[in-house]
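Everything below concerns the one structure shown next.
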Amino acid sequence: MTTTAEPVNLAKDDERPALKLVPAPADGAPAERREALYRRAARNARHVITSERTRTLGRLAVRHGMYVVGGTRIIGRRTWDGRTAARYERMIRSCEAAGKYEEIKEWEEKGRQYRAARHARRMDLLKSPVDAAKGVAVATGIGAGSLIGLGVLMAIAEKDPAQTLVPIGTAIDLVHWAVVVASVVWGPFVITAPWLVLLSLWGVGRQRQTAPQWALPARQRSTEGELITPSIVVKAFRDLRISELKKAILAMEDGGAAMLSPIAMAGCGVEVDVTLPSSVSTDEVEPRRRKLAENLGRHEHEVFILKSPQPRTVKLWIADSGALDEPIGPSPLVTDLEPSANYKTGRAPWGQNLRGEPVTLGLYQRHVLITGLSNQGKTAALRSLALWLAFDRTVEFWIGDLKGIGDWRMFSGMANRLIEGPTDEHAIEVTEMVEDAVEEMNRRIQAPAGTKWNPLVVIVDEAQVAFMNPAKTRIYTDDDKVKDGPPYGGSKSTSRYFMAARRIHNQGRAVDVLLWEGTQDPTDQNLPKLVREGAHIRASLVVGTESQARMALGDKAVDGGAAPHLLRQGLDKGTLVVAGDGVELAPGEASMTVRTHFVDTEPDAQEIADRALALRARVTNLPKLEAIEDVDHLADLEQVLAGEKRVRTPEIIHRLKNLNPAVYTDWDGVRLRRLMTDHGEDTGTYQGYPVIHLSHVQKALDGREDHENDLGESQVGR
């Protein structure tokens, strides 16, 4: 009687129930029972086929079978290479793909020599049968003669003629026993030889891992990252799913090693140049950065693809696993208690590049733009440059902080103008400050030749607030009516902030009037194209998209490998990509990735600012007045207007400083506007420039006199 098996649970060997044998249905059994037993047998068979143990056995069979097939292919190829000139042909193709044309000539000569030697061997084979026959005849004659001669000597010595044939008999016995031994050994050898050949083929295939990837055993990957070796780099490129690249690597005799330069240590990683075959361009490799990084056992942010001066060559920098998550140490401004700075010849310490080398920035006559997402270290990166430059006592700072949470408060007392706040009114003050810088720039340009001036650095943090400011200028007509004028913000030629920034970018560097801006999330609305392209040094922390990266750094830098959009938000704080002529770039590189030093607001930045302020106080030696007499500011303002209907605000400030330097040294457009608003009047604009109207000053004086008269009458009434 035949039997079938009930379903068996193969999930766990130790919990597997015993196999129950069920008798097969007899021919006369009911149809329902027969059908139930057939379904049970089908379930058993399906369960066995789909079980993990069956799949494991299948993978095992495929793996070891493919080891033998792959080993056969490898041995066959080696044999073919040894018998033909295929090896030299492949080396010639490899050198041609790598562009090593001088080596092609050497391999061609080696191939020619090999073919000549092979031809000589084949010619020798044609004569070998005749030579072999002659050799056998000679050897046989010599051997027989030697044995007979030996037998004659033995017969003479023994005085027995029968000894003459003893040597020949001995030789015949030796041949007989050799045949016996060979016949005994030959059988087992014939049986075991195929298995030995099969074992050797399996060993070669196992060593080269010729089985499919899915059939290979799972490997435990190290959490520390693999050591970067030439074979790993070549395999990573081979598996990039670029068919031409894969074909070229497989066709190379050396397995692609000719593509690589020596792997060199570079900071917290390694660096290697990879020369691509002529059928592959660098543009095909760069978009596959993530795939390449994973093939190298790294995260995407740990592999950087840079342009090399050589054609068809990519320069890879591969970080040690996890090295980029380690801090880089404190800023030299914190550790050096007596730092020195020189605006013209010095370089600001900013951080480290990926190789671990210090990065310094030249700021002489260079406008700066730093952008990125919020809370990624933009203000800290911009502020560290200003803190270093503060140790040059000749530099003057005008700062507008449109975030207003105290990030720049340490410059209070050191900056000639400091505006802090996020409102539209603060944005208006910052706009007027930048316009005052334009007036200062024009004054310097028109100054006599040889006039010297101190560098003026205008810093606007969160500049997008100024660009997006919806407020419009209040224009006073000749009949004292008020109408809306040009907007303070915007990205058009009517925008006051936009035009002021453009004017400084156009001519400011020639007279050391510089504009540094920090802005979030660059778009055409909050960072117009003409403004961002006017900066000499452009840096970007992490941004959201490639289009924003292009806005921040420009097309040239992004096409050259700059990728701030691939930085990790929150994890790569303080890491930025910088482009421009202020940073020393390697030949052929359009940008550099910098891990900036973090200088915290409290207490580091404040302590550095205090040291800079103390240095400035020691060397300035400005006389201090014990007391300043009361000054009628409105009367002085009316005096410097000198009967003119309206005068531009910067010109009025210069006149006030000439009138009374001790009082008006620190005055600016913001302070002058506050004076007018305190007395119920306001400044205005004329043809786009801030002005003070004589009529407004006179109204303020009249209003003050009326107020004083009212107070006097009330006192008399009491």
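Just so we're clear, the structure is a prediction, and the values are computed from it rather than from any experiment. Index from 1, following the sequence.
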Might you point out which heavy atoms bring [X] and [Y] nearest each other, and give the distance in Å?
X    : Y    : value
I228 : V233 : CG2-CG2, 3.7 Å
Y114 : A85  : CE2-N, 3.8 Å
R289 : L566 : NH1-CD1, 2.9 Å
T84  : R118 : CA-NH1, 3.8 Å
L125 : S128 : O-OG, 2.6 Å
I328 : G351 : CD1-CA, 4.3 Å

Counting only N and O atoms by type, is there a donor-acceptor contact under 3.5 Å from the side chain of [X] to the main-chain atoms of [Y]?
X    : Y    : answer
Q376 : L373 : no
R298 : D320 : no
T596 : G574 : yes
Q548 : G544 : yes
R538 : A552 : yes
W350 : P358 : no

Do you know which of L245, L250, N295 makes side chain to side chain contact (heavy atoms under 4.5 Å, CB included) with R238?
L250
Got a sec: does the [atom1] of [X] have more than 12 other heavy atoms crowding it under 6.0 Å?
X    : atom1 : value
H299 : NE2   : no
R121 : CZ    : yes
E584 : CD    : no
R206 : CZ    : no

Can the ring centres of W202 and H64 be said to be less than 6.0 Å apart?
yes
Using the side chain to side chain donor-acceptor pair (under 3.5 Å) rule, collect all pairs that involve residues 568-580, keeping only residues at least two apart or in two chains.
H301-R568, D325-R568, R568-D572
In the structure I gave you, are the side-chain heavy atoms of [X] and [Y] within less than 4.5 Å of one another anywhere?
X    : Y    : result
V272 : W317 : no
T545 : H565 : no
F237 : L276 : yes
D559 : R550 : yes
L576 : P564 : no
V303 : L296 : yes
E271 : L316 : no
V578 : S591 : no

Within 45° of the axis and under 6.0 Å from the centre of the six-membered ring of Y88, does NZ or CZ of R115 qualify?
no
I'd like to know if E294 pairs up with K291 as an ion pair, taking the criterion as any Lys NZ or Arg NE/NH1/NH2 lying under 4.0 Å from an Asp or Glu carboxylate oxygen.
no
Any residue meeting side chain to side chain contact (heavy atoms under 4.5 Å, CB included) with S183, in chain and number order, not counting sequence neighbours:
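Result, side chain to side chain contact (heavy atoms under 4.5 Å, CB included) vs S183: none returned.
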